[in-house]
Amino acid sequence: MAESDAIRWISVAGEKHVATLNLVPGDSVYGEKLVKQDGEEYRLWDPFRSKLAGALKKGLKNMPIKNGSKVLYLGASTGTTVSHVSDIVGNSGIVFAVEPATRVARELIENVAAKRKNVVPVIEDARRPHSYFSVFGKVDVVYCDIAQPDQTEIAIANCSAYLKPGGAMILLVKTQSIDVTRDPNAVIAQEARKLEKAGFTIGQILKLEPFDKDHGLIYCFK
Ligand code: SAM
């Protein structure tokens with residue numbers, strides 16, 4: 001299944017790995033292995049370190065992030081997943097990477113944005129989407145992984161400000177951040193209903209075990 005030319009499934013020692021075409025050959029961002037295939041260098045994408053890789057391994061059917069996509073990424077942290085998204089969108093795409101925590105944002109800037117022209121760090125709080133002065137125009141995809149109890153509301157507010165009509169959102173739901181006492185499936189279903197109320201169509205819901213026990217992923221579009 002080729003979601004994009006920059007995403008490839010590679011067998012290493014009999015095991016199938018998801019990988020992305022390295023936009024910065026020779027550079028490993030978080031210690032991931034670099035492998036050569038057909039004269040190109042790919043970075044193995046660790047599903048235990050990145051929920052998007054976990055979702056691909058669990059069968060995400062329609063990967064909305066493609067070559068040339070404009071992505072608003074909320075909760076960039078040190079840039080582990082952002083770096084793979086940067087590989088996928090390539091030099092014709094752009095990733096606006098929002099992260100308010102200065103300690104991790106420094107790593108995002110030094111290890112990822114300084115080497116990848118398509119990553120724009122936005123050192124802001126996703127609760128204030130109108131304060132992102134470096135985000136221009138509308139985006140194709142909003143990706144939200146901020147592990148906050150009101151993450152769905154924050155994601156919806158960012159989509160209202162920046163998602164183009166027909167655009168997609170990937171929302172990571174940290175069920176424990178929302179309600180530790182409830183069944184995780186019920187929490188994910190509750191967040192999906194909020195999205196439907198806000199006008200989204202739910203495309204797919206995935207649980208990320210065994211890669212991540214706490215999270216579900218909702219893929220939806222307007
Ligand atoms: N998405 C990252 C990855 O896969 O490499 C991991 C993200 S980590 C689970 C959650 C991040 O969300 C943290 O870096 C945290 O600082 C950030 N965060 C928390 N609240 C936020 C907010 N209100 N706005 C933007 N980011 C936030």
Side-chain angles (χ1 to χ4, degrees), residues 7 18-20 23 27-32 43-58 60 63-65 71-89 95-113 115-116 118-135 139 141-163 169-178 184 187-188 191 206-209 211-219:
I7 301 178
V18 64
T20 56
L23 199 64
D27 192 52
S28 166
V29 176
Y30 56 97
E32 74 283 6
R43 302 165 55 225
L44 296 191
W45 193 355
D46 186 344
F48 290 96
R49 300 279 302 271
S50 170
K51 294 166 209 105
L52 189 52
L56 288 168
K57 290 207 76 154
K58 289 288 305 262
L60 180 65
M63 170 60 151
I65 303 171
V71 179
L72 177 62
Y73 190 116
L74 312 174
S77 188
T78 55
T80 300
T81 302
V82 166
S83 66
H84 288 284
V85 171
S86 154
D87 284 345
I88 298 165
V89 304
V95 189
F96 298 108
V98 179
E99 175 54 58
T102 47
R103 190 185 57 80
V104 290
R106 190 177 312 132
E107 274 189 57
L108 169 74
I109 292 167
E110 287 171 5
N111 297 342
V112 180
K115 299 175 188 166
R116 293 167 174 267
N118 65 3
V119 175
V120 177
V122 180
I123 315 307
E124 294 286 354
D125 189 323
R127 290 176 202 282
R128 291 192 295 274
H130 294 288
S131 59
Y132 311 156
F133 292 112
S134 45
V135 180
V139 302
V141 182
V142 171
Y143 183 97
C144 180
D145 180 19
I146 59 175
Q148 293 293 323
D150 54 344
Q151 58 205 357
T152 304
E153 288 77 7
I154 293 172
I156 291 169
N158 277 267
C159 289
S160 300
Y162 295 107
L163 188 62
M169 169 156 73
I170 292 178
L171 175 66
L172 276 310
V173 180
K174 186 170 184 184
T175 54
Q176 298 229 329
S177 297
I178 296 171
V187 174
I188 296 167
E191 300 310 299
L206 285 170
K207 297 285 293 298
L208 299 181
E209 296 123 345
F211 307 114
D212 189 306
K213 285 200 194 91
D214 278 352
H215 284 85
L217 176 144
I218 303 177
Y219 160 67

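All ligand and atom numbering here is 1-based and tracks the order in the structure.
For ligand 1, one of its N or O atoms has an N or O atom of Gly75 under 3.5 Å away. Residue Ser50 has no nitrogen or oxygen atom sitting less than 3.5 Å from a nitrogen or oxygen atom of ligand 1, judged on distance alone. By the 3.5 Å distance cut-off applied to N or O atoms, Ala126 is counted among the residues near ligand 1. Annotation: Arg49 places no N or O atom under 3.5 Å from an N or O atom of ligand 1; distance criterion only.
Residue contacts with ligand 1 for Ala147 are absent, since no atom lies close enough (heavy atoms, distance under 4.0 Å).
Atom SG in Cys144 sits 8.0 Å away from atom CG in Leu172 (nearest 0.5 Å). Rounded to the nearest 0.5 angstrom, Lys115 NZ and Ile109 CD1 are separated by 13.5 Å.
Within the 4.0 Å heavy-atom shell around ligand 1 one finds Asp125. By the 4.0 Å heavy-atom criterion, Tyr143 is excluded from the residues contacting ligand 1.
With ring centers used as reference points, Phe96 lies 6.0 Å or more from Tyr162.
Checking Val112, Thr81, Val29 against atom 4 (O) of ligand 1, the nearest heavy atom belongs to Thr81. Atom 16 (O) of ligand 1 has its nearest heavy-atom neighbour, among His215, Lys174, Glu99, in Glu99.
For atom 26 (N) of ligand 1, the closest non-hydrogen atom of the protein is Pro100 CD, 3.1 Å. If you check which protein heavy atom lies closest to atom 10 (C) of ligand 1, you get Asp145 O, 3.3 Å. Regarding atom 20 (N) of ligand 1, its nearest protein heavy-atom neighbour is Gln148 NE2, 3.1 Å.
When atom types are taken as modelled, the side chain of Asp46 and the backbone of Glu32 share no donor-acceptor pair closer than 3.5 angstrom.
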